[in-house]
S.K.: 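Have a look at this one before I ask anything.
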Amino acid sequence: MLDFEKLLNKSQLEAVLQTDGPVLVLSAAGSGKTRVITYRIANLIQKGIHPYNILAVTFTNKAAREMKERIFKIIGSNANGILISTFHSMCAQFLRDEAENIGLNKNFSICDSQDQKNIVKQCLNKLNLDDKKFIPNVISSLIGRAKDDMISASEYRSNAEKRGEFFFITVGEIYEIYQKTLEESQNLDFGDLQFKVVEMLENNPKILAKFQERFKYIMVDEFQDTNYCQYLMIKLLSGKYKNICVVGDDDQSIYSWRGANVENILNFENDFANTKSIKLEQNYRSTKNILKAADKLVKNNIERKNKTIWTENEVGEEIVYIQTQSEKYEAEFIAKEIQKLANEGYSLNEIAIFYRTNAQSRIFEEVFRNLGVPYILVGSIKFYDRKEIKDVLSYLKVIINPNDTINLKRIINLPARGISDKSIDLVESLQKDGDSFFDILTNIVMGAYTEEKVPNRLVKSIQKFHSMIIELMKNANKMTLREIINTVLEKTGYMQSLYEDNTIYKDSRIENVMELVSAAGDFEETFGDVSLEGFLEHTVLINDIDKLNNETQKVTLMTLHLAKGLEFPIVFLTGMEEGLFPNSKVDYDKNELEEERRLCFVGITRAMKKLYCLAAMQRKIYGMTKMHLPSRFLKEAGILDDIIDKQNNYINPYAKFDDYINKYDKQNNNNHYRYYEKGEKFNENKVFKKGERVKHPSFGIGTILDFYGRDDNKTVYIKFYNGIEKRLILKYAKLEKYISYLE
DNA sequence: TGAATCGATGTTTTT
DNA sequence: CATCGATTCA
């Protein structure tokens, strides 16, 4: 028996023991919510609840896996049968289990956001719409949001018609065709997985009753990130026994642009009668200094549940703020600092570097590679998103389900086998109701059409392709995953085409495809699942971060979004600049600034011992060098004061942004660090460069003409405004940079 | 059909 | 700056 009273603090204990009825756990960052969830599950099982009746939902596979590991560590095989899963994997599983009862093909494919975008593009073509006006990215995200909100295509359209909004009426039309395309190809997108489950539960009382009976106890992690559809699902599933425990933190809601609805957590008590609310406010992760900054920052948000976050941890080190000349020196500074930290005894996997946008990772990779800092980059281009991987996966999907037209069309002429886009159009024109694309191919092969309708040459090409697919389908049953993939690579000529490819991608593509084969092998070993279906589902629903393991001696690089749920002793928050973070693309009027601020809060609260905040004065964005002021968040968090001294003609960066930008000397690109720490003046500079204007306490303002010597003897040659030219020992000269914005 | 070139475009992205 | 996609050219 576990002694919960010893293992948990008062509120944690309360949350663990309160097993029945709706429970809302508001857990501040680092307050041990995973601990609560795992012990709560342990408690349920100890009380005699069968694990089969327990469901725990998370958002990432990593979180799910960690939770499983921790539970099995605590109570071992007693936990067998428990369902700990992400919303999406869980839904995919439900749908496959119930496929027959709801008229779904059990072998449906799941398409990712890239596929979604491509399908939208196809729909635009069909409807003859301008993709400048109806940007595929925007449309697919609108469709995604609609599904999150449980709005079907027809509803979407009729809603728009009621409002008389032309743009959205058209979006509705696209949505309708998009949905038809998916259905015909027996594909589900991420939104569908959940939408269909809710639909299934709403329309089939028997199925609903079965699920309700099974999941007597339900727990949801990161509840602030749930969307309306997920919320409904949870409400339905817990409808009978009402043993629903949700855990979340409204201050860490950073996915509203993905349909997450903070209201779900804010209104939980109103929506579930007799909710027991528990607050976890003691932080076990960070030092007082770090926590103070995070708390100070997030208090600037108006829309939040009021809570105090506190810790008994040590005060710890001051937060370090560094401003560098450019993004390159930002990276170099960090590299050197990492070296220092490593010498102090920190291991590299204790260090993380966060940034707002993926583009920022590039310079870190470059600098770290040059300086030999081992790093692991999480996110950005995901392995399974790569073209060559998607190609091979498309083949596999077609082998499982030849009616998957979306993927069939993707690979039918890849490598080229004489079935061009025109040929595809021709084949489609022969389509009759109920026929899939593959059915028509079969008909053509069977000789159902005359030479006039389908030219002989095309029939031959299609025959070859068709028999190849049939052959692969037959063999797939008898082979291991690895063998299947290897056979596909060989028989389809795809591997051959990679070798014949003479672009710069050749080597990496071959390498990646090999990697896929070994990933399939790993999958067989780890999951003991040898089914192709299982592997394919894994490839769509898994994310890079899921593979992140803490064993490797490498520094972690990732976006702030990916950082949620993780913790590191040392954290570097980079690119803390106005325009970048908060990002200038967010709509400040639509509360999106508050979400940026929460993102910053998430970043700060990842740090356990030491936090560095970095900003670059200038940064290349899309090839253009732009000047940036330090982020307002630094000021809000009390990390950076009003550092610009008005007496010295320096303006307050938070007051006159444009002035500062316009008048900054853009020629400035000498190679030195230019940084100052908290409390120091903006003009703190030990290094000067030729042509720069300086201010001397007695001689006044002048221009640097040249330098002589080095180190302590370094002499500077200055021509002052009153005509006097002087040679001065730099070390003793008490020079300041002189930058006037008032001229 | 494939290479080549031009030009538009670029916030974050659990699944 | 770098990438992707569409159009054009061979």
Side-chain angles (χ1 to χ4, degrees), chain A residues 57-64 85-92 110-114 116-118 121 125 131-132 135-137 140-141 144 147-148 188-194 221-222 224-227 229-230 252-260 327 354-360 362-363 366 378-382 384-385 387 413 415-423 497 500-505 537-546 558-566 575 579-587 592 595-596 598-600 602-603 619-625:
Chain A
V57 198
T58 64
F59 276 85
T60 66
N61 292 293
K62 184 171 191 276
S85 177
T86 64
F87 269 105
H88 291 86
S89 309
M90 174 180 90
C91 289
I110 300 169
C111 62
D112 62 23
S113 18
Q114 219 180 352
Q116 289 173 35
K117 225 167 66 185
N118 289 333
K121 273 186 205 157
N125 277 337
D131 64 358
K132 300 270 174 335
I135 302 157
N137 251 334
S140 72
S141 114
K147 288 180 180 178
D148 291 339
L188 299 183
D189 64 19
F190 290 138
D192 286 336
L193 287 175
Q194 307 179 126
D221 192 13
E222 305 278 15
Q224 75 281 353
D225 290 335
T226 50
N227 59 40
C229 178
Q230 291 161 334
Q252 293 185 63
S253 159
I254 55 173
Y255 283 105
S256 73
W257 48 272
R258 265 197 120 295
E327 75 277 16
F354 301 149
Y355 35 83
R356 176 67 234 268
T357 67
N358 272 316
Q360 288 165 254
R362 194 189 203 95
I363 187 74
E366 209 176 293
V378 183
S380 68
I381 311 147
K382 289 174 220 146
Y384 293 113
D385 282 353
K387 182 193 178 300
N413 201 34
R417 37 175 86 89
I419 309 173
S420 64
D421 288 352
K422 286 243 165 69
S423 312
S497 74
E500 284 164 7
D501 179 24
N502 277 323
T503 64
I504 45 164
Y505 305 112
E537 191 156 309
H538 171 85
T539 62
V540 209
L541 298 180
I542 208 86
N543 185 267
D544 269 14
I545 195 172
D546 302 327
M558 62 169 84
T559 62
L560 282 153
H561 280 88
L562 288 180
K564 196 175 64 166
L566 307 176
L580 191 64
F581 189 34
N583 199 284
S584 54
K585 291 279 171 73
V586 308
D587 193 339
E592 289 177 9
E595 182 147 319
E596 291 282 297
R598 288 193 292 269
L599 188 57
C600 185
V602 167
R619 179 179 295 274
K620 254 189 202 163
I621 293 177
Y622 308 139
M624 285 213 298
T625 301

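A, B, ... follow the sequence lines: proteins, then strands. Residue 1 opens every chain.
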S.K.: Starting from C1' on B:dT12, measure out to CD on A:Q252 and report it in whole angstrom.
M.R.: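 Going from CD in A:Q252 over to C1' in B:dT12 covers 16 Å.
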S.K.: For A:H88 and B:dT13, give me the distance from atom NE2 to atom C1', rounded to whole Å.
M.R.: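 Result: 12 Å.
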S.K.: Under 3.5 Å, is there any donor-acceptor pair linking the side chain of A:R258 to the base of B:dT12?
M.R.: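 Counting by modelled atom types and ignoring angles, no donor-acceptor contact under 3.5 Å is found here.
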S.K.: Looking only at side-chain N and O atoms, does A:N61 come under 4.0 Å of OP1 or OP2 in B:dT14?
M.R.: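 False: A:N61 side-chain N/O out of range (4.0 Å or more) of B:dT14 OP1/OP2.
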S.K.: Could you state the atom-to-atom distance from CE of A:M624 to C1' of C:dA2 in whole Å?
M.R.: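 Distance check: A:M624 CE to C:dA2 C1' gives 14 Å.
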S.K.: Between protein and nucleotides 8-11 of chain B, what N or O pairs are separated by less than 3.5 Å?
M.R.:
residue: B:dT11; atom: OP2; partner: A:K585; partner atom: NZ; Å: 2.4
residue: B:dT11; atom: OP2; partner: A:Y622; partner atom: OH; Å: 3.1
residue: B:dT11; atom: O2; partner: A:R356; partner atom: NH1; Å: 3.3
residue: B:dT11; atom: O2; partner: A:R356; partner atom: NH2; Å: 2.8

S.K.: Separation of A:D421 atom CG from B:dG2 atom C1', in whole Å?
M.R.: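 Taking CG of A:D421 and C1' of B:dG2, I get 13 Å after rounding.
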S.K.: From C:dT3, B:dT1, B:dT14, pick the nucleotide closest to the side chain of A:S420?
M.R.: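 The answer is B:dT1.
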S.K.: Please check this pair: side chain of A:R598 against backbone of A:S253, looking for a donor-acceptor N/O pair closer than 3.5 Å.
M.R.: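 Yes: the side chain of A:R598 pairs with the backbone of A:S253.
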S.K.: Just the rounded figure in Å: distance from P of B:dT15 to CE of A:M90.
M.R.: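 Taking atom P of B:dT15 as the reference, CE of A:M90 is at 15 Å.
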S.K.: To the nearest angstrom, how far is A:F354 atom CZ from B:dT13 atom P?
M.R.: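 From A:F354 CZ to B:dT13 P: 13 Å.
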S.K.: With nearest nucleotide decided by heavy atoms, which residue, A:R417 or A:E595, maps closer to the 5′ end of DNA chain B?
M.R.: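 The residue mapped nearer the 5' terminus is A:R417.
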S.K.: So if I define the base as every atom that isn't primed, P, OP1 or OP2, how would nucleotides 5-10 of chain C read as a B/S/- string at a heavy-atom cutoff under 4.0 Å?
M.R.: S-----
S.K.: Taking only residues two or more places apart in sequence, or in another chain, which ones meet A:T357 in a side-chain hydrogen bond (donor to acceptor under 3.5 Å, both in side chains)?
M.R.: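 Scan of A:T357 (side-chain hydrogen bond (donor to acceptor under 3.5 Å, both in side chains), adjacent residues dropped) gives A:Q360.
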S.K.: With sugar-phosphate meaning primed atoms plus P, OP1 and OP2, does A:D225 contact a base, only sugar-phosphate, or nothing at under 4.0 Å between heavy atoms?
M.R.: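 The answer is base, as A:D225 lies within the cut-off (heavy atoms under 4.0 Å) of a base atom.
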S.K.: Can you name the side-chain contact (heavy atoms from CB on, under 4.5 Å) partners of A:S256, sequence neighbours left out?
M.R.: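 A:E595.
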S.K.: With the side chain of A:L562 defined as its heavy atoms from C-beta on, choose the nearest nucleotide among B:dT15, C:dT3, B:dT14.
M.R.: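 When the side chain of A:L562 is considered, B:dT14 is the closest of B:dT15, C:dT3, B:dT14.
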S.K.: State which of B:dT13, B:dT15, B:dT14 makes the closest approach to the side chain of A:T559.
M.R.: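 So the side chain of A:T559 is nearest to B:dT13.
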S.K.: Who passes ring pair (Phe, Tyr, Trp, His ring centres under 6.0 Å) against A:H88, sequence neighbours left out?
M.R.: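 So A:H88 forms a ring pair (Phe, Tyr, Trp, His ring centres under 6.0 Å) with A:F190.
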S.K.: Return the value, rounded to whole Å, for the distance between atom CD of A:Q116 and atom C1' of B:dT13.
M.R.: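 It works out to 11 Å between those atoms.
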S.K.: Taking side-chain contact (heavy atoms from CB on, under 4.5 Å) as the criterion, tell me which of A:L560, A:T559, A:V602 meets it with A:F354.
M.R.: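 Only one of A:L560, A:T559, A:V602 forms a side-chain contact (heavy atoms from CB on, under 4.5 Å) with A:F354, namely A:L560.
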S.K.: Could you check how far CE of A:M558 sits from P of B:dT12, rounded to whole Å?
M.R.: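 Distance, rounded to whole Å: 16 Å.
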S.K.: Nearest of B:dT14, B:dT12, B:dT15 to any side-chain atom of A:S113?
M.R.: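 Closest nucleotide among those given: B:dT15.
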S.K.: Do side-chain atoms of A:S140 reach the backbone of A:K117 as a donor and acceptor pair under 3.5 angstrom?
M.R.: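 Pair absent, no side-chain N/O of A:S140 close to backbone of A:K117.
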S.K.: Run A:I254 and A:W257 through side chain to side chain contact (heavy atoms under 4.5 Å, CB included) and show every step you take.
M.R.: CA-CA 8 Å; A:I254 55 173; A:W257 48 272; 5.7 Å; no
S.K.: Taking the nucleotide of DNA chain B with the closest heavy atom to each, which residue, A:I254 or A:G191, is nearer the 5' end?
M.R.: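 Taking each residue's closest nucleotide, the earlier one in sequence belongs to A:I254.
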S.K.: Given side chain to side chain donor-acceptor pair (under 3.5 Å), test A:Q116 with A:Q114 step by step and report yes or no.
M.R.: CA-CA 5 Å; A:Q116 289 173 35; A:Q114 219 180 352; over 6 Å; no
S.K.: How far apart are the C-alpha atoms of A:L599 and A:F581, what are their side-chain angles, what is the distance that settles it, and do they pass the side chain to side chain contact (heavy atoms under 4.5 Å, CB included) test?
M.R.: CA-CA 9 Å; A:L599 188 57; A:F581 189 34; 4.1 Å; yes
S.K.: Can you name the residues that form a side-chain hydrogen bond (donor to acceptor under 3.5 Å, both in side chains) with A:R619, not counting sequence neighbours?
M.R.: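 Only A:E330, A:E577 meet the side-chain hydrogen bond (donor to acceptor under 3.5 Å, both in side chains) criterion with A:R619.
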